[in-house]
2 protein chains.
Amino acid sequence: MEEQQVGSLHFQIDFSQPLYEQILDQARSAIAKGEIALGDKMPSVRELAQELRMNPNTVMRAYQELERDGLTEKRRGQGTYVTSSPEHVASFRTALAARYIDSFMEQMESLGFAWEDIEKYIHQKKDTPLGGNGL
Amino acid sequence: MEEQQVGSLHFQIDFSQPLYEQILDQARSAIAKGEIALGDKMPSVRELAQELRMNPNTVMRAYQELERDGLTEKRRGQGTYVTSSPEHVASFRTALAARYIDSFMEQMESLGFAWEDIEKYIHQKKDTPLGGNGL
DNA sequence: CTAAGTGTATTATATCACTTAATACACCTA
DNA sequence: TAGGTGTATTAAGTGATATAATACACTTAG
């Protein structure tokens with residue numbers, strides 16, 4: 001469980017998932033939550049690689065995906081910057097949330113839970129950490 | 001996208017995930033939903049491997065996890081059987097659902113969504129396939 | 001112009017998870 | 001005894017992941 005602060009970004013790396021995926025997820029999260037401001041400069045590929053003690057190619061892979069997501073823009077010779085478009089961030093956020101929801105619903109339905117069961121579950125969860133049975 | 005019916009079990013195998021994981025998920029689902037009855041005999045390791053055209057070791061791996069889940073019982077020389085205990089199935093179902101929910105909530109919170117946002121999302125989703133924005 | 005810092009590309013290598021293959025053993029039942 | 005069970009072992013191949021070393025094109029600061 002590695003903890004690292006790089007500029008305004010915070011990373012927590014372990015070996016449960018591919019490294020590039022963890023960078024990707026945590027950078028996405030930071031941008032979506034506004035922990036790093038629109039238009040801000042991201043750490044350079046080499047700097048982040050050095051701080052996280054991994055290969056530049058691994059960081060590159062995460063950064064390329066961030067750009068495909070529309071969350072960052074790259075300027076040759078200058079660096080990688082968080083997009084200045086709030087719309088890009090917003091649309092990415094809702095799109096990813098929709099994916100998460102769909103995937104989650106599939107999982108729950110594969111266990112025989114219906115929409116109403118899930119709603120109840122989620123509603124209960126606010127108070128009690130776990131309980132109920134459903135179906 | 002491979003479709004296979006083996007006894008009362010239905011399998012749909014592709015290459016997006018490890019094969020043993022797909023067998024595991026779909027067998028879990030069938031048991032949790034009661035598509036295969038309590039106490040019923042599962043296909044033998046060799047039979048399922050032949051039907052799905054994969055290695056017996058791969059099927060074995062899925063079957064071993066099913067037993068650890070408490071969903072099946074193995075009888076040496078006889079075969080693999082769905083547990084006769086409704087309680088085992090029920091407790092597995094709620095435990096797995098809880099894991100799904102926790103994981104889902106973590107994902108959503110990483111995007112900056114709060115409990116209420118998710119509730120709204122889920123509630124809306126019943127009518128409209130997608131929409132809203134939140135935060 | 002030069003030097004240093006950017007993103008990017010290439011080639012080679014290593015490791016690990018997953019999968020297959022072949023074979024053998026212990027157990028149960030008809 | 002024969003054939004079907006689960007199980008274990010050993011070997012091999014493939015692909016994703018990650019590292020290492022190196023080179024190139026671009027931009028900016030000096």
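Every chain is numbered from 1, with letters handed out A, B, ... down the list of sequences.
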Can you find a pair of side-chain heavy atoms, one from [X] and one from [Y], that are under 4.5 Å apart?
X      : Y      : answer
A/Y20  : A/M54  : no
A/E51  : A/F11  : no
B/L96  : B/R99  : yes
B/Y63  : B/K74  : yes
B/L48  : B/L9   : no
B/Y100 : A/L111 : yes

Point to revise | Base-contact (B) and sugar-phosphate-only (S) positions in nucleotides 12-19 of chain D, heavy-atom cut-off under 4.0 Å, - elsewhere | key: -----SSB

Exercise for review: Please work out which residues in residues 74-84 of chain B have a non-hydrogen atom less than 4.0 Å from an atom of DNA chain C and list them by number.
Suggested key: B/R76, B/G77, B/Q78

Exercise for review: Residues of residues 43-50 of chain A with any non-hydrogen atom less than 4.0 angstrom from an atom of DNA chain C: list those, numerically ordered, please.
Suggested key: A/S44, A/V45, A/R46

Exercise for review: With sequence neighbours excluded, tell me which residues meet salt bridge (Lys or Arg N to Asp or Glu O under 4.0 Å) with B/R28.
Suggested key: B/D25, B/E65, B/D69

Check your understanding: Got a second to check how far B/S110's OG is from A/Q26's CD, nearest 0.5 Å?
Key -> 9.5 Å

Please list, one pair per line, the donor and acceptor atoms closer than 3.5 Å that link side chains of residues 37-44 of chain A to other protein atoms, with sequence neighbours excluded.
from: A/S44; atom 1: OG; to: A/E47; atom 2: N; distance (Å): 3.0

Which pair of heavy atoms, one from [X] and one from [Y], lies closest together, and at what distance?
X     : Y      : answer
A/A32 : A/V89  : CA-CG1, 4.1 Å
B/L71 : B/F92  : CD1-CE2, 3.5 Å
A/A97 : B/M108 : CB-CE, 3.9 Å

Practice item. Shoot me the first and last contacting nucleotide of DNA chain C against chain A, ordered 5' to 3', at under 4.0 angstrom to non-hydrogen atoms. Key: C/dG5 to C/dT10

